[in-house]
Structure formats: structure tokens, C-alpha cells
Amino acid sequence: MKKVNILGVEFDHTTNQETLNTLHQKLKMQKKTFVVTANPEIVMYALKDQEYMNILQEADHIIPDGAGIILGSKIIKQPLPERVPGVDLVKSLLKIADQDQLSVFFLGAKEMVIEKMVDNVKSDFPHLKIAGYHHGFFKDGDQTIVEMVKKANPDLVFVALGFPRQEKWIYQNLATFEKGIFMGVGGSFDILAGTVKRAPIFWRKLNLEWLYRVAQQPSRWRRLSVLPIFVKKILQNKR
Ligand code: UDP
């Protein structure tokens with residue numbers, strides 16, 4: 001697959017549909033796969049944390065999640081086709097899991113959120129198998145959760161611990177597992193639980209989902225401050 005390197009992070013040159021086809025193929029082959037959905041914050045963070053950058057280099061797929069990544073790819077004149085929002089990918093994969101009767105493990109978010117989300121998943125996708133779930137507030141290195149996942153041997157494992165923790169958890173434990181698609185999904189469980197709302201389609205089409213999210217959770221303003229720095233860094237690198 002063609003890759004586009006943005007500040008050292010190699011993104012898949014892919015659309016929503018192509019990503020889904022690729023992952024569906026891997027599910028059919030039961031091929032262990034590590035997926036990262038990366039936005040500018042993740043890229044900027046990786047530049048400061050070499051261990052995290054090394055982990056990203058081990059991922060099988062890095063998906064462009066966020067308008068900032070698309071903008072970055074245009075600046076370096078290697079435009080990525082479109083934004084592939086992590087939460088959309090989660091929903092589409094759940095649909096596939098429902099159709100193919102696959103098993104799914106959910107790790108992360110607050111206890112109340114994950115319980116609500118699992119209820120929603122059960123009613124929206126009645127044919128998929130819930131291999132297990134656990135909230136995301138446990139100590140690093142907690143082996144009971146690793147054992148739970150190993151025993152369940154799920155086809156898909158969604159990890160919503162926020163970055164960099166979710167990718168670190170996946171990387172540290174990947175060798176233990178036999179199969180599965182492992183994907184860090186940030187705040188997706190909060191959306192699937194309905195505790196955080198997504199932007200209406202109109203906003204998303206205009207690539208303004210970030211603005212809507214900030215309006216909903218003003219504490220996110222601070223996080224947006226990486227965007228100008230990200231763009232500046234890409235421009236400097238281009239010269
Ligand atoms: N979270 C968690 N354990 C932690 C810290 C965070 O399970 O130790 C969860 C949190 O409840 C939320 C998600 O991880 O559901 C992080 O969401 P956010 O939108 O902040 O994701 P990011 O953009 O940081 O990846």
C-alpha cells in the first residue's frame with residue numbers, strides 16, 4: 001500500500017472504503033493487525049517521545065484521522081484522499097463483525113460509559129459476539145486484563161485509553177495474542193455510548209468536526225493549539 005510520510009509518521013494512502021476492505025481481508029485471514037488512527041496531536045506527540053514514535057513504526061496501518069492530517073498531506077503535495085475518522089471505522093467494523101458473527105473485545109473509557117456502550121452495541125449489532133470488556137482505569141502492567149483478552153481470543157480488540165497509552169498497551173501485549181485486529185480508538189466509546197455527541201453531517205462535510213467538538217467540550221481548546229505548530233513544522237520540513 002502507498003504510504004505518505006508526515007513528519008516521520010507513515011500514513012496509509014487510503015479512503016474509508018479501502019481501509020475497510022483491507023481490514024475485512026485481514027479478518028478473514030485472521031491476520032494479527034495493529035491499527036493506529038492518528039491526528040496531528042499524535043504526530044506532534046511522537047516527535048517528542050521516541051518510544052512512541054518507534055511504536056508507531058511497528059503499526060501495520062496508520063490511518064489519517066483528522067482534517068489536520070489531510071491539510072498536512074496537501075502541503076507536502078502528496079494529498080491523502082480523505083479523512084478516515086476512527087469512530088466511523090469502529091462502527092463499520094462492528095457492522096462487519098455483526099454480518100460475519102465475529103467476536104469483539106472492548107477495553108477503555110469509564111465504567112459507566114463502557115457499560116452503556118456495550119448495551120448499545122448489543123442492541124445495534126445483535127449477531128456479533130461480545131468477547132469481553134473492561135473499563136480503562138487500571139494500572140499499567142495489569143496482567144489480568146491481558147489474560148482476559150488472551151483467553152477470549154477475539155477477532156477485534158478496540159482500545160480506548162487515549163493516546164499514547166492505548167498504542168503502548170497494544171504494542172506491549174501484541175505478541176501474547178494469537179490473532180485479532182487491535183486498534184486504538186481514543187474517545188470513540190464515549191460517542192458510541194452517547195455521552196459525547198458527534199458533529200452533524202453538515203459540519204463534518206465542511207471538515208469542521210473539530211470546531212463542533214471544541215464547542216461541546218471547551219477543555220479541548222488547549223489541544224487545538226498543536227495545529228499551527230504542526231503546520232509550521234511541516235512547512236519548515238518542506239524547505
Ligand atoms: N481513558 C481511559 N483510561 C485512562 C485515560 C483515559 O480509559 O487512563 C479513556 C477516557 O475515558 C476516554 C478515552 O480514554 O474515553 C480518551 O478519549 P480522548 O477523546 O481524550 O482520546 P484521545 O484524543 O486522547 O486519544
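One is the number of the first residue; the rest follow in order along the sequence. Atoms within each ligand, like the ligands themselves, are counted from 1 in listed order.
- Every atom of ligand 1 is numbered from 1 in the order shown, and the set under 4.0 Å from a heavy atom of R223 is 20 (O), 22 (P), 23 (O), 24 (O).
- For the pair A109 and ligand 1, the shortest N or O to N or O distance falls below 3.5 Å.
- When only modelled atom types and interatomic distance are considered, K116 and N120 share a side-chain donor-acceptor pair under 3.5 Å.
- To the nearest 0.5 Å, atoms CD1 (I6) and CD1 (I76) are separated by 5.0 Å.
- Other residues, nucleotides and ligands contribute over 12 non-hydrogen atoms within 6.0 Å of the CZ atom of F34.
- Between the side chains of Q25 and N21, not a single donor N or O lies within less than 3.5 Å of an accepting N or O.
- Follow the hydrophobic side-chain contacts under 4.5 Å out from L80 and you never reach M1; the two are in separate clusters.
- D124 has no carboxylate O lying under 4.0 Å from a charged side-chain N of K91, or vice versa, which leaves the two without a salt bridge.
- The residue among G187, G136, G66 with a heavy atom at the shortest distance from atom 19 (O) of ligand 1 is G187.
- Atoms of ligand 1 lying under 4.0 Å from at least one heavy atom of G108, given by number and element, are 7 (O).
- Distances below 4.0 Å separate heavy atoms of R165 from the following atoms of ligand 1: 3 (N), 4 (C), 8 (O).
- In this pair, F177 and F182 present their aromatic rings parallel. The plane angle is below 30°, not in the 30 to 60° band.
- F163 counts as a contact of ligand 1, since one of its heavy atoms falls under 4.0 Å from the ligand.
- Remark: among candidates G184, S188, G162, A38, the nearest residue to atom 16 (C) of ligand 1 is G162, based on non-hydrogen atoms.
- Of all the heavy atoms of L161, the ones lying under 4.0 Å from any atom of ligand 1 are found in both the backbone and the side chain.
- Residue-level proximity to ligand 1 for A160 is carried by the backbone, the only part with a heavy atom below 4.0 angstrom.
- In the candidate list V113, V196, D190, D190 is nearest to atom 15 (O) of ligand 1, counting heavy atoms.
- The protein non-hydrogen atom at the shortest distance from atom 13 (C) of ligand 1 is G186 O, 3.5 Å.
- Rounding to the nearest 0.5 angstrom, the gap separating the CG atom in D155 from the NZ atom in K26 is 15.0 Å.
- Residue R220 touches ligand 1 through its side chain alone, judged by heavy-atom distances below 4.0 Å.
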